[in-house]
Each structure stands twice: as C-alpha cells, then as structure tokens.
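Following: one structure in structure tokens, then a few remarks.
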Number of protein chains: 2
Amino acid sequence: MAAERSGGGDPARTLALLWRTPAEPKPVGRKPKVSVDQIVTAAIAVADREGLGAMSMARVAQELGVGTMSLYTHVPGKGELIDLMADTVLQERDLAAEGTWRERVKHYADRTRAVYQAHPWMRDVSMVRPPLGPGLMDGQEFVLAALADSGLEPRQVTVAHVAVEGFVHGAAASEVDDQQLAAATGESGDSWWGARQVFWDDYFDVERYPAMTALWNAGAYDTEGTLADNMRSSFDYGLDKLLDGIEGGMR
Amino acid sequence: MAAERSGGGDPARTLALLWRTPAEPKPVGRKPKVSVDQIVTAAIAVADREGLGAMSMARVAQELGVGTMSLYTHVPGKGELIDLMADTVLQERDLAAEGTWRERVKHYADRTRAVYQAHPWMRDVSMVRPPLGPGLMDGQEFVLAALADSGLEPRQVTVAHVAVEGFVHGAAASEVDDQQLAAATGESGDSWWGARQVFWDDYFDVERYPAMTALWNAGAYDTEGTLADNMRSSFDYGLDKLLDGIEGGMR
DNA sequence: TATTGTTTCCGTATGGCCTACGGAAATGGG
DNA sequence: CCCATTTCCGTAGGCCATACGGAAACAATA
C-alpha cells in the first residue's frame, strides 16, 4: 500500500477536533456510546499492535464494541482519524529540558525518536502536510526556540529547522521501519539479511565492487552489535555531524 | 495504507529476477504474451501516473492487455514486483562523475534526488530491506568509493555511509511527498497551506508560541519562492552541513 | 497428421477495505 | 404522549491480492 495520507477534508472541522474545541453542550438527543478520545485511543492501540495497515474503521469499531458506521458520527473519515492519532502521540514528548541549544535539540530528537519507537506506524504517516495540532506545534516551538538561541540569523534558523526536522523524522522512521517489518513479517532484520547470504555467494562481483570489497577486507563490517544497535548509533552520529555543520556555518 | 513492503518471498527467485539470470531457453510450450521487462515497465508507468496505491496487479494487467493472473506466471507477487520497479529506477542514475569526494557524494545525492522526482512513488518503498539488485548495489559502490577517498577510517566510512544514505533518501522522499500528494488530491502544497489560514487566525496563540512569533516578526518566513523551492534549498543546505560535519570530524 | 509433454493464460472465488445513504433507536423537554 | 434532535448502524457498491485448476498454445515426435 502507499503511505497513509492525512490532512484532507474540511480544515475547520479537522482543526476543531485537533484542538478539541468543545462544541456547545447538547442536552438533547441520544447519548453517545463512544467519544472522540476513545476512538483515537482505540485506533492507536490497534496500530501499535498490528500496524497502520490493520487499523481499519471496522477493526477500531470492533475494538470499541460499536458498529463501523458509528465512528463516522464523531470523526469525518479515516484520514482525519490518522491526523488525530499522530498529533496525540506527538504530545507524549516531554519537552521541558534545560541546557545549551545543542542539548535541547538533541533532547528533542531523542523524545521524537521515542515516539516512533513506541508507535512504529508513525513511519507511515506523511508529515509534509502535518496535523496542525498541539502535539506538532509544541514540538516546533521547542526546536525553533533552541535554534534561535544558537546565534543564527532568523532566516537561517528556519532553514536549519527544516533540515533538523527532516533528519529527525527521517532517521527515526527508517530506524523503526526495521522493527515494523519484523513485526509484520515475523522475520527479524538480522535473519532477513542472513537469508540473503546467497547474494554474496552467487551474485556479488569483487571486480564490479572494489570499494565495497576493500572495506570488507579492512574489517569495516566486523561489527559486534545487532542491526538495531547500528541504526541507533547512526542516528546519533548523523545528528551530531549535522549540528556540527550548522554550528560551523555560523562563524 | 501503510508503506508498501517488498523484500518478501524466496530470496533465490527474487535475486534471479533482479539480476535477470537468464533461465535456460525453453523452446517448448506456449509463447509468452508478456515478459518480465514489460510487466515492470508497465507497473512503473502506472505508478508514475497514478501513484503506488493505484498500481494493482489488475491495473498493470489491463495496461498490458492480458488477464490479471497471467502476471503471476512471470512474477511471484506484488512485493517482488515492487522490488523490481525500485531497482530498475535506481539504475537510471548516471554515476560516472569525477572530482573530489565531496563533489561525488553531492553528485550521488543529486542523481538519487532526480530518481525520486521522476518516480514519486519511491517515497512509499521501504529501503531497510532493499532489493539487492544492480541499481542499488552500483549506488552503494559509488558512495562508498567516494567516502573511502575522504580519508576516513574504514569503520568510520561505513557509519558515515549510513548517515548519508539515510539523509539522501529521507530528504528526497519528503521533498517528493508534497508533489505526490498534490497529484493524488489535486491540491498543491501552497494551496493546502493557504486553506489552513484559519489556523493562524483562530488557533495560533502568541503567548504559547513566543519563539515562532518572534521569528515571524523578524521576517524569517518572508520567502519569495514556493514551497517546492524551499524544500529544494533545504535539501542542499542539510547535505552540505552534514558533509561539513563529517569532514570536520576527521581532524 | 495425431499425439504428447510443457508452458502459459486466465475465470472464479474468498475475504478484506472505505464510506454514502437512510431508517431505526434513544433521549430530554413540553 | 409527542416531537425535535442526536446517535447508531445495516446494506450495498466498487475496489484489492492471490490460490486453484482447467483450457489453450506450441514444439517435438511418431
């Protein structure tokens, strides 16, 4: 399937849901069996356990013990529900750190990474047209405040922000991708690569790939950790180098 | 839908397809109406036009004027077809550049970016368990050769490689995400943001978001270009800073 | 030409998905 | 009791991947 799309529908309705604008009390009419919060919570639970692909309207309704179509009374559609899910888990970040601007940016990256770890389906949510809710906005404010304290010019802050934001979400997503695939297919990344040993035996050509061969012979791939360990250290390394570059560009 | 998954199935069969290992000629039996190449080409054409979500087996078969099930004679399943599509478009990169190691890495980033631009559905293809075909491998060889010339220690080359590869694919993906959404929904990114003007009017709180407000007042968001232009310069900026950091770390 | 072995083609069927529509059911006030 | 209002949800239409097995095409042989 292609990536889950959100951000559709009527902006006013979606924003009201994201910010939980309390509709004026309606003392008249049948009592609701479920609330928006319950729907979002149930949807997150399903996606956490079985992935975003398994998060169907029918599945969520079943989880709550109501009919499928009942959900549409509270939520305009699946796209908007995904918006609500994403903003909700982004609110789980605890962004109240002190320290230098670098420490704060790294804290932000760490907390965001934790969200992806806890909710691997975030990999499948596009962030180019993000849910403009409190979860996203609080995060933006936090990073921008940190970058603004770095001494960069205002215009540079916004450019650096896009780069940092892109790196953090991208790295967290690809790190989590492995786990998500492991859960979905029942095969770990290490085992997947192991099963592709045939490739090195039957297809790899040392003459076509001299640089890779040289690195291999130099022991560059003799790592002790698992695939997940390596992806974790690459995340930290890449962010460090990016911040080094941003810092260096200020001089 | 969640991200399209590939890399499943029997490794030996998939590798044989990726490297087009010619099965021994079969002069006996009914003549095939379609070839693997035709199927892959048709699938890419559909995905280019209508996105990976529209690339169904039925749709591809229709494109070729054959029955849906005929495809399964030549390709094990949809996952493997996506593997073949991805490796095929990665082969479109022309990676024969001269220059310093930095110039070559930037050339690689530029060519990879071009692939995503031409085939936006690549955003939806996971690269954590990549198709081990010539398209992917030639790219890896090219970057590793460049990084190995930078003077980094072998072990450091592999770490930097993961960071660069992650950045390039991540940035190209999010850049293209916007265009893909524009094509799928018929609404451009600029127009989408315009429709969310309500947010700034009704929900944005200057006291809750002082850093954003200050940047706004400083004119940091007074850009003349389109959203696409800004994403493009962020791509270049981020890669530059990342390479600065890698270079600086060698000292 | 008729037969046989081999390969490809593809119709059918199963079980899933989202959501438009409209009627039934519940609730509080008069 | 009646009625306005709100929520609940069954049905139905049109998508999807792919397992299965028989029909059809072709080359070599008799």
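This one's a predicted model, so the numbers in the text were calculated from it and none came from an experiment. Proteins come first, then strands; the chains are lettered A, B, ... in the order of their sequence lines, and each starts at number 1.
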Could you state the atom-to-atom distance from [atom1] of [X] to [atom2] of [N] in whole Å?
X: M57(B); N: dC15(D); atom1: CE; atom2: C1'; answer: 16 Å
X: M55(B); N: dT18(D); atom1: CE; atom2: C1'; answer: 14 Å
X: K78(A); N: dT19(C); atom1: NZ; atom2: P; answer: 8 Å

Report all interatomic pairs (protein N or O, nucleotide N or O of nucleotides 1-4 of chain C) with separations under 3.5 Å.
none

If only side-chain N and O atoms count, and only distance matters, is there a donor-acceptor pair under 3.5 Å linking [Y] with [X]?
X: Y108(B); Y: E165(B); result: yes
X: T226(B); Y: D190(B); result: no
X: H161(A); Y: Q140(A); result: yes

Taking only residues two or more places apart in sequence, or in another chain, which ones meet S56(B) in a side chain to side chain donor-acceptor pair (under 3.5 Å)?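 If we apply the side chain to side chain donor-acceptor pair (under 3.5 Å) test to S56(B), skipping adjacent residues, there are no hits.
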
Name all residues meeting the side chain to side chain donor-acceptor pair (under 3.5 Å) criterion together with E207(B); count only those two or more places apart in sequence or in a different chain, and write none if there are none.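 Here no residue qualifies.
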
Identify, residue by residue, the members of residues 60-73 of chain B with a heavy atom below 4.0 Å from DNA chain D, and return them in order of residue number, or none.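 Hits under 4.0 Å, by residue number: T68(B), M69(B), Y72(B).
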
With sugar-phosphate meaning primed atoms plus P, OP1 and OP2, does V34(B) contact a base, only sugar-phosphate, or nothing at under 4.0 Å between heavy atoms?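 Counting heavy atoms under 4.0 Å across all strands, the contact made by V34(B) is with sugar-phosphate only.
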
Taking for each residue the nucleotide of DNA chain D with the nearest heavy atom, is it H74(A) or P76(B) whose nucleotide lies nearer the 5' end?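 The residue closer to the strand's 5' end, by nearest nucleotide, is H74(A).
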
Enter the distance from H119(A):NE2 to D124(A):CG here, rounded to the nearest 0.5 Å.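 Here the interatomic distance stands at 14.0 Å.
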
Which atom names give the shortest non-hydrogen contact between D87(A) and P131(A), and what distance separates them?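 Heavy atoms of D87(A) and P131(A) come nearest at OD1-O, 3.8 Å.
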
4.5 Å side-chain heavy-atom contact, V60(B) and M55(B):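 Contact flag for V60(B)/M55(B) side chains = yes.
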
Can you give me the bend angle of the helix from dT1(C)-dA30(D) to dG30(C)-dC1(D)? Use the axis through the first five pairs and the one through the last five, nearest 10 degrees.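 The angle separating the two end axes equals 30°.
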
Nucleotide by nucleotide, nucleotides 25-30 of chain D touches protein heavy atoms under 4.0 Å in the pattern (B base, S sugar-phosphate only, - none) BBS---

Centroid-centroid distance, F204(A) to Y209(A), less than 6.0 Å: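 Yes, they do, as the ring centres are separated by less than 6.0 Å.
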
Taking R111(A) first and then E92(A), would you say they form a salt bridge - that is, a charged N and a carboxylate O separated by under 4.0 Å?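 No, no charged N to carboxylate O under 4.0 Å.
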
